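Let me begin by presenting the structure, written as structure tokens, before commenting on it.
These numbers come from the heavy atoms of this one structure, side chains and all, not from hydrogens, waters or symmetry mates. Keep in mind it's a predicted model, so treat the numbers as computed, not measured.
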Amino acid sequence: MAVTRYHFISGLPDSGAEELARLLAQNPRFVTGSDTGADALFGAAMRRMQDDDCPESRLDEQQCRALLRATLDAVHHDRQAGAVVFDNAPGWLGYIDALGNLFPLARFVVMVRDPADLGGSTARGARLDTPLRHLQAALAGAHAQRILVIEHERFLSDPVTVLDVLYHFLREHEFDHDLAPLSDAGAGTADAQPPKRRLLGLMPGRRGGGADDAPWRKEKSSAATILIDTG
């Protein structure tokens, strides 16, 4: 029986996760979904398993694993056998450790951008605290080698290389994507440049340029693959 391969897209607000999901949806081999609610169902199930007042707390380990996997299977119930499914939601960033244990074939794509560009207000800056903590924990965690971090500016300015690295990272055959939607997405981005190819090998922990104060650039010992904007 063909096994579904689940992959998870997450990241910081306004960092290109939805644009990436729409781009991947061009590939007929992939099933993509954004804001499907699967992350909320998954999180609710985990919380009930940890609550002694809930019946889920009495399930054994294998039953818990089956129930958590079933949240994804239920949301994506109409997938074809052997499908490659990408579920995109900000909430997945906090569940990488649990997902990595449940889905040994899963990869995690995390879209980011400079927090200074996102923290225009105190309220918005506060909303970044949790995802940034989750990202730092994931980059130092047991499944870091299965994480690909992509900076938003790199995604817009160098989509050819980003997709080359992404497909290699996913161990999928290349697909000729229509990149025109990215030109529209980057129209309001001052730093956006026409798509061009930069050669970059796929290596755990490989960075595409220098370092600054962004949290993912500080994780020098992480096994994650991180594509940063090289300017």
Could you list the residues that satisfy side-chain hydrogen bond (donor to acceptor under 3.5 Å, both in side chains) with [X], not counting sequence neighbours?
X: Arg29; answer: Glu172
X: Arg133; answer: Thr130
X: Gln26; answer: His177
X: Arg146; answer: His143

Closest contact, heavy atoms only, [X] versus [Y]:
X: Phe108; Y: Ile96; value: CZ-O, 3.8 Å
X: Pro215; Y: Pro115; value: CD-CG, 4.2 Å
X: Leu163; Y: Leu179; value: CD1-CD2, 3.7 Å

Would the distance check show the side chain of [X] and the main-chain N or O of [Y] forming a donor-acceptor pair, the cut-off being under 3.5 Å?
X: Ser15; Y: Gly11; result: no
X: Arg154; Y: Ile228; result: yes
X: Gln145; Y: Ala224; result: no
X: Ser57; Y: Cys54; result: yes
X: Thr71; Y: Arg69; result: no
X: Ser222; Y: Ala140; result: no
X: Arg5; Y: Ala83; result: no

For the pair Ile150 and Val109, evaluate side-chain contact (heavy atoms from CB on, under 4.5 Å) and give the outcome as yes or no after the intermediate values. CA-CA 7 Å; Ile150 303 172; Val109 182; 3.9 Å; yes
Working to the nearest 0.5 Å, report the span between [atom1] of [X] and [atom2] of [Y].
X: His134; Y: Asp129; atom1: NE2; atom2: CG; result: 11.0 Å
X: Leu23; Y: Asp178; atom1: CG; atom2: CG; result: 8.0 Å
X: Asp14; Y: Met111; atom1: CG; atom2: CE; result: 11.5 Å
X: Leu166; Y: Leu24; atom1: CG; atom2: CG; result: 6.0 Å
X: Glu19; Y: Ile9; atom1: CD; atom2: CD1; result: 11.0 Å

Given Asn88 and Thr32, is the side-chain contact (heavy atoms from CB on, under 4.5 Å) satisfied, shown in steps? CA-CA 8 Å; Asn88 168 39; Thr32 64; over 6 Å; no
Please report the C-alpha distance between Asp164 and Thr161 in whole Å, then the side-chain angles of each, then the deciding distance to 0.1 Å, and finally whether the side-chain hydrogen bond (donor to acceptor under 3.5 Å, both in side chains) criterion is met. CA-CA 5 Å; Asp164 282 350; Thr161 297; 5.2 Å; no
Please list every donor-acceptor pair under 3.5 Å in which a side-chain atom of residues 61-68 meets a protein atom from a residue at least two apart or in another chain.
residue: Gln63; atom: OE1; partner: Asp60; partner atom: N; Å: 2.9
residue: Arg65; atom: NH2; partner: Asn101; partner atom: O; Å: 3.1

List the residues meeting salt bridge (Lys or Arg N to Asp or Glu O under 4.0 Å) with Arg79, not counting sequence neighbours, and say none if there are none. Asp73
Once salt bridge (Lys or Arg N to Asp or Glu O under 4.0 Å) is applied, do any residues pair with Glu174, and if so which ones, sequence neighbours excluded? none
So do Val149 and Thr225 actually touch side chain to side chain, heavy atoms under 4.5 Å?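 A side-chain contact is absent here, since even the closest heavy-atom pair is not under 4.5 Å.
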Non-hydrogen side-chain atoms of Arg171 and Arg107 separated by less than 4.5 Å: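 The answer is yes; the side chains approach within 4.5 Å.
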ring-ring contact (aromatic ring centres under 6.0 Å, His included) contacts in which one or both residues fall within residues 9-61, not counting sequence neighbours: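 Of all non-adjacent pairs touching residues 9-61, those that pass ring-ring contact (aromatic ring centres under 6.0 Å, His included) are Phe30-Phe86, Phe30-Tyr167, Phe42-Trp92, Phe42-Tyr95.
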Can you tell me which residue pairs pass the ring-ring contact (aromatic ring centres under 6.0 Å, His included) test with a partner in residues 53-75, sequence neighbours excluded?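 Those involving residues 53-75 do not exist here.
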Walk me through whether Asp158 and Asp229 qualify under side-chain contact (heavy atoms from CB on, under 4.5 Å). CA-CA 9 Å; Asp158 193 12; Asp229 181 41; over 6 Å; no
For Leu72 and Phe8, run side-chain contact (heavy atoms from CB on, under 4.5 Å): C-alpha distance rounded to whole Å, both residues' side-chain angles, the deciding distance at 0.1 Å, then the answer. CA-CA 11 Å; Leu72 273 299; Phe8 301 90; 4.0 Å; yes
According to the side-chain hydrogen bond (donor to acceptor under 3.5 Å, both in side chains) rule, which pairs have a member within residues 44-54, sequence neighbours left out?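 Pairs touching residues 44-54 that pass the test: Arg48-Glu56.
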Identify, with sequence neighbours excluded, every residue that meets side chain to side chain contact (heavy atoms under 4.5 Å, CB included) alongside Pro131.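 Leu12, Leu93.
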Is it true that Trp216 and Glu151 share a donor-acceptor pair across their side chains at a distance under 3.5 Å? yes
Give me the other members of the hydrophobic cluster that Val75 sits in, counting Ile, Leu, Val, Met, Phe, Trp and Tyr linked by side-chain heavy atoms under 4.5 Å, directly or via other members.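 Grouped by the 4.5 Å side-chain rule, Leu41 form the rest of the cluster around Val75.
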